[in-house]
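What follows is a set of notes on a single structure, which appears directly below.
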Amino acid sequence: EDGTPWPRISIITPSLNQAPYLERTIRSVLLQGYPALEYMVMDGGSTDRTIDIVKSYDKKILAGIYPIKCNGVAFKWLSGKDAGMYDAINKGFQMATGNIYAWINSDDFYLPEAFLKISFIFKNYPEVDWLKGKTALMNNPETGALTRQSCHLFKQEWIKRGIYGRYLNFINQDSVFWKKELWQKIGSIDNKLKLAGDYYLWVNMAKYAKLYSLNSEVSCYRRMEGSLGQKSMEMYRKEQEKIIPLKKTSLETKIKSFSWFRRKIGSIIPHSLVNLIYKSIFPKTDMVYFDLDESGQIVEKHSPAFEIK
């Protein structure tokens, strides 16, 4: 490294009665081995073992007996009634002192070395204000097996138009990081939203910055019975429509057609052919993304595709 300080990362975890999963989330943050970390757990007034778990980590960190790999970590927590998850997240970022922001829900977790990869890009590529790594999926918490996903490349204009999460893949919140200055331009997430606060954030961030992708896993989303995405998708869709009504132009029609084709046929034909069809429908596309070379170093690459396997 060149001796310049690593950017300080502020991570928020909103939580309410998630004791069975919270400890793994906390450990995934604290064991990153990152040298400049601020971590806040924002509890909404849990009645399970959540507070006992948080207090135990607070005491271990203060006593210096917990084997944290970071050179230093500022660990904070608050508990009390709030107006919901996004209220808790907003309050957390109001107190944050870092240069890079992210939130991880209390049933998801980060993968090893995630922060080092993410911060390397922010540190060495100043044009990047907003970055997404790959999310692994845990479909069966009992086995712990992870499902690998492709690296998706996101068009800024399509994010602004609300395309992703409707016609094309979701922008998984657990693997997204952004600069403090970008958050300040948005101000906060609309507290009236119950489910689609991430979608609200992406649509508004895209007004100011490109979303870059990193072709490396940084987090895991745990799919569970009764999770928000599975239980309340109809409400999520209604909130999406309030955030930004979908336009019905020729572009949306082409994207919708490609999305249908990808879902119905994409799994039975070569991935290269899917990308070729994408390039024929949406020409003159040159997306910048980041990848790991053979030595494990992060490098900048270009691609006209919509995803990288």
Side-chain angles (χ1 to χ4, degrees), residues 11-18 21 25 42-44 81-94 96 101-108 129-135 137-138 149 152 154-178 182-211 213 219-249 251-252 255-256 259 263:
I11 304 293
I12 308 296
T13 292
S15 184
L16 180 63
N17 295 323
Q18 291 283 72
Y21 314 105
T25 304
M42 306 295 292
D43 178 69
K81 187 173 179 58
D82 55 40
M85 178 173 67
Y86 300 121
D87 183 39
I89 292 168
N90 288 335
K91 289 177 179 176
F93 286 132
Q94 284 175 1
Y101 288 179
W103 93 75
I104 185 84
N105 290 328
S106 51
D107 49 4
D108 303 327
D129 291 329
W130 186 21
L131 178 64
K132 185 191 181 308
K134 288 166 63 176
T135 294
L137 302 178
M138 182 182 288
Q149 294 198 98
H152 300 288
F154 301 95
K155 289 176 175 285
Q156 183 178 1
E157 181 60 30
W158 291 11
I159 302 175
K160 283 195 294 184
R161 294 172 78 118
I163 298 297
Y164 298 101
R166 278 167 152 168
Y167 294 151
L168 295 177
N169 48 281
F170 282 85
I171 300 174
N172 302 100
Q173 154 270 319
D174 49 274
S175 54
V176 180
F177 297 75
W178 59 88
L182 185 54
W183 173 268
Q184 290 174 332
K185 290 177 181 178
I186 309 304
S188 64
I189 300 172
D190 187 347
N191 278 346
K192 295 190 294 294
L193 298 171
K194 300 301 180 184
L195 303 179
D198 53 350
Y199 184 83
Y200 172 91
L201 197 57
W202 312 151
V203 168
N204 283 283
M205 282 184 173
K207 298 174 183 177
Y208 304 100
K210 296 179 181 179
L211 175 57
S213 294
S219 62
C220 179
Y221 171 75
R222 190 195 305 256
R223 280 181 171 165
M224 298 186 302
E225 184 75 23
S227 65
L228 288 180
Q230 296 175 8
K231 182 177 65 175
S232 305
M233 184 54 69
E234 184 177 343
M235 183 185 296
Y236 192 95
R237 295 299 188 200
K238 289 180 179 178
E239 290 189 352
Q240 284 181 310
E241 189 65 19
K242 290 180 180 179
I243 293 166
I244 179 169
L246 265 182
K247 299 177 181 178
K248 296 181 180 180
T249 68
L251 175 61
E252 274 74 14
I255 294 172
K256 189 175 181 179
S259 177
R263 289 197 314 272

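Computed from a predicted structure; not experimentally measured. What's counted below: heavy atoms across the whole structure, side chains too, no hydrogens, waters or symmetry copies.
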Over all atoms of both residues, closest heavy-atom pair of [X] and [Y]:
X    : Y    : result
I243 : L193 : CD1-CD1, 3.9 Å
Y86  : W103 : CE2-CZ2, 4.2 Å
M42  : K91  : CE-CB, 3.9 Å
T135 : Q149 : O-NE2, 2.8 Å
A206 : Q156 : O-NE2, 2.9 Å
N90  : S188 : OD1-CB, 3.5 Å

Between [X] and [Y] (side chain of the first, backbone of the second, donor and acceptor by atom type, cut-off under 3.5 Å), is there such a pair?
X    : Y    : answer
E252 : L246 : no
S259 : Y167 : yes
Q240 : Y199 : no
Y221 : Q173 : no
D87  : N191 : no
Q18  : S106 : no
W202 : I171 : yes
N204 : Y200 : yes
N172 : D174 : no

Handout entry: pair I255-Y164: side-chain heavy atoms closer than 4.5 Å
Key =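 No, every pair of side-chain atoms sits at 4.5 Å or beyond.
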Distance check, rounded to the nearest 0.5 Å: [X] atom [atom1] versus [Y] atom [atom2]?
X    : Y    : atom1 : atom2 : answer
I186 : K207 : CD1   : NZ    : 7.0 Å
E239 : L195 : CD    : CG    : 5.0 Å
I159 : L201 : CD1   : CG    : 11.0 Å
K185 : D129 : NZ    : CG    : 6.5 Å
L168 : K155 : CG    : NZ    : 10.5 Å

Handout entry: Short N-O contact, E157 and K160, less than 4.0 angstrom
Key =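 Result for this pair is yes, salt bridge flagged.
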Handout entry: side chain to side chain contact (heavy atoms under 4.5 Å, CB included) evaluation trace for R237 with R166
Key = CA-CA 8 Å; R237 295 299 188 200; R166 278 167 152 168; 3.9 Å; yes
Exercise for the section: Go through the steps for D198 and Y236 under the test side chain to side chain contact (heavy atoms under 4.5 Å, CB included), then give the verdict. Expected result: CA-CA 11 Å; D198 53 350; Y236 192 95; 3.1 Å; yes
Exercise for the section: Output, in order, the C-alpha distance, side-chain angles, deciding distance and verdict of side chain to side chain contact (heavy atoms under 4.5 Å, CB included) for I11 and F177. Expected result: CA-CA 9 Å; I11 304 293; F177 297 75; 4.1 Å; yes
Exercise for the section: Could you verify whether a donor N or O on one side chain and an acceptor N or O on the other, from S175 and K132, lie under 3.5 Å apart? Expected result: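 Side chains of S175 and K132: pair found under 3.5 Å.
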Problem - Distance flag, aromatic centroids of F93 and W183, threshold under 6.0 Å - result: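 Centroid separation for W183 and F93: below 6.0 Å.
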Handout entry: L182/Y101 under side chain to side chain contact (heavy atoms under 4.5 Å, CB included): CA gap, chis, key distance, verdict
Key = CA-CA 9 Å; L182 185 54; Y101 288 179; over 6 Å; no
